[in-house]
Amino acid sequence: MLASKCPQVDAILYTHEHADHTAGLDDIRPFNFKQGDIPVYAHERVLNNLKRRFDYVFETENKYPGAPTVTPIEVINNEPFVLGGKEIIPINVMHGSLQVFGYRIKSFAYLTDVKTIDNQELDKLKNLDVLVINALREEHHNTHFNLQEALDFIALVKPKKAYLTHISYHLGFHDEVQNKLPESVYLAYDNLEINL
């Protein structure tokens, strides 16, 4: 966030409750000090988990004045919502046996920690300009797409451009991996910016 010089955080969309996707919640404090409460969108299960782990953030009485402040908003499967004048479409995927939300905004979709997805959810991914999808490593993994599964998924969905994210160091060095990828498939990287 510091490197990107992001001036404002309009909202936070949570995919699921795992620590590698949620541990940065405390770091929104500088944005709170500038702009006040920040809406947090997530599945009810995820909101409950965040309230347990970050109870001081969600406290309503005798709250520590330096704590971050958020407005929790439940995301319900198959119920789009509007944020910043844009429709957000939740996409239900499975991370092993754990339900995870991906999100579609206009012709952009973000899916991480995907292992399986139902056919009816695939309809939400038609006509994408950009897809961001996880590709952990080349070897099989029980709860994440490996590289081949991610590439097969990209071939199925047919976005104009795809970025691979949630990458393990096992995948290899950036340039070496990038040189082996199909045209219009790219490794995501720190400070990547995608304009919608």
Side-chain angles (χ1 to χ4, degrees), residues 1 4 6-18 20-22 24-25 28 31-32 35-51 53-54 57-58 68-135 143-145 149-150 152-166 184-185 188 192-196:
M1 294 297 282
S4 73
C6 177
Q8 180 173 320
V9 174
D10 296 320
I12 300 169
L13 305 178
Y14 279 110
T15 57
H16 62 298
E17 63 270 38
H18 287 168
D20 56 328
H21 297 268
T22 58
L25 180 58
I28 65 169
F31 295 99
N32 282 142
Q35 64 189 68
D37 289 17
I38 295 174
V40 170
Y41 292 80
H43 189 285
E44 179 184 25
R45 179 196 79 237
V46 176
L47 290 173
N48 290 335
N49 180 280
L50 293 172
K51 288 174 185 176
R53 291 170 47 220
F54 298 96
V57 172
F58 294 86
T69 53
V70 298
T71 303
I73 302 170
E74 181 183 354
V75 175
I76 299 170
N77 194 32
N78 293 322
E79 290 191 18
F81 54 96
V82 175
L83 176 59
K86 293 179 175 67
E87 182 182 53
I88 314 295
I89 300 171
I91 301 162
N92 197 40
V93 301
M94 296 302 292
H95 178 28
S97 60
L98 181 70
Q99 178 276 341
V100 170
F101 276 136
Y103 297 100
R104 178 175 182 150
I105 306 166
K106 295 171 67 175
S107 61
F108 167 85
Y110 177 86
L111 302 175
T112 189
D113 289 32
V114 179
K115 185 61 180 182
T116 58
I117 181 169
D118 288 341
N119 285 335
Q120 72 236 25
E121 297 297 300
L122 288 174
D123 288 340
K124 299 176 182 177
L125 299 171
K126 291 180 178 175
N127 303 313
L128 290 175
D129 286 340
V130 177
L131 170 67
V132 176
I133 187 74
N134 62 286
T143 62
H144 292 269
F145 275 166
E149 289 167 329
D152 291 345
F153 186 76
I154 292 165
L156 176 68
V157 173
K158 296 179 175 57
K160 291 179 182 171
K161 189 182 291 187
Y163 289 95
L164 304 178
T165 192
H166 208 298
S184 76
V185 177
L192 171 65
E193 293 184 18
I194 298 172
N195 294 315
L196 304 180

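Using modelled atom types and a 3.5 Å distance limit, the side chains of Asp113 and His95 yield a donor-acceptor pair. A donor atom on one side chain and an acceptor atom on the other are found under 3.5 Å apart for Gln8 and Asp10.
Rounding to the nearest 0.5 Å gives a distance of 11.5 Å between CD of Glu74 and CZ of Phe81. Interatomic distance, Phe145 CZ to Ile133 CD1, rounded to the nearest 0.5 Å: 5.0 Å. To the nearest 0.5 Å, atom NZ of residue Lys115 and atom CG of residue Leu98 are 15.0 Å apart. Note that CD1 of Ile12 and CG of Leu50 are 9.5 Å apart. Values are rounded to the nearest 0.5 Å. Distance check, rounded to the nearest 0.5 Å: CD of Glu17 to CG of Asn48 gives 10.0 Å. Taking NZ from Lys106 and CG from Asn127, the interatomic distance works out to 15.0 Å, rounded to the nearest 0.5 Å.
When atom types are taken as modelled, the side chain of Glu87 and the backbone of Pro80 share no donor-acceptor pair closer than 3.5 angstrom. A donor-acceptor contact shorter than 3.5 Å is absent between the side chain of Tyr103 and the backbone of Phe108. The backbone N or O of Ser107 sits nowhere less than 3.5 Å from a side-chain atom of Asp129 that would complete a donor-acceptor pair.
Nearest heavy-atom pair across Leu164 and Ile154 is CD2-CD1, 3.8 Å. The shortest non-hydrogen separation linking Phe31 to Cys6 is CE2-O, 3.5 Å. Looking at every heavy atom in both residues, Leu128 comes nearest to Arg104 through CD2-CZ, 3.4 Å. Nearest heavy atom pair, residue Ala135 against residue Ala150, reads CB-CB, 3.7 Å. Taking both residues in full, the closest heavy atoms of Tyr110 and Thr15 are given as CE2-CG2, 4.0 Å, listed atom of the first, atom of the second, then distance. For the residue pair Lys160 and Ser184, the shortest heavy atom distance occurs at O-CB, 3.4 Å.
Contact annotation: the side chain of Arg45 approaches that of His16 to within less than 4.5 Å [non-hydrogen atoms, C-beta and beyond]. In this structure, Tyr41 and Val46 have side chains that are not in contact, with every pair of non-hydrogen atoms separated by 4.5 Å or more. Residues Val70 and Phe54 form no side-chain contact, since every pair of their non-hydrogen atoms from C-beta on lies 4.5 Å or further apart. Inter-residue side-chain proximity for Leu125 and Ile117 is flagged as met; some heavy-atom pair is nearer than 4.5 Å. Residues Met94 and Gln99 meet the side-chain proximity criterion, which asks for heavy atoms closer than 4.5 Å. In this structure, the side chains of Val40 and Val57 stay at 4.5 Å or more apart for every pair of heavy atoms. Residues Val114 and Val100 form no side-chain contact, since every pair of their non-hydrogen atoms from C-beta on lies 4.5 Å or further apart. You'll find the side chain of Leu111 reaches within 4.5 Å of the side chain of Ile91, heavy atoms only.
When each of Val75, Ile73, Leu83 is paired with Leu13, the side chain to side chain contact (heavy atoms under 4.5 Å, CB included) condition holds for Leu83 and for no other. A side-chain hydrogen bond (donor to acceptor under 3.5 Å, both in side chains) with His166 is found for one member of Asp20, Asn134, Thr112 and no other, namely Asp20.
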Query - side-chain contact (heavy atoms from CB on, under 4.5 Å) evaluation trace for Phe101 with Asn77 - result: CA-CA 8 Å; Phe101 276 136; Asn77 194 32; 3.6 Å; yes
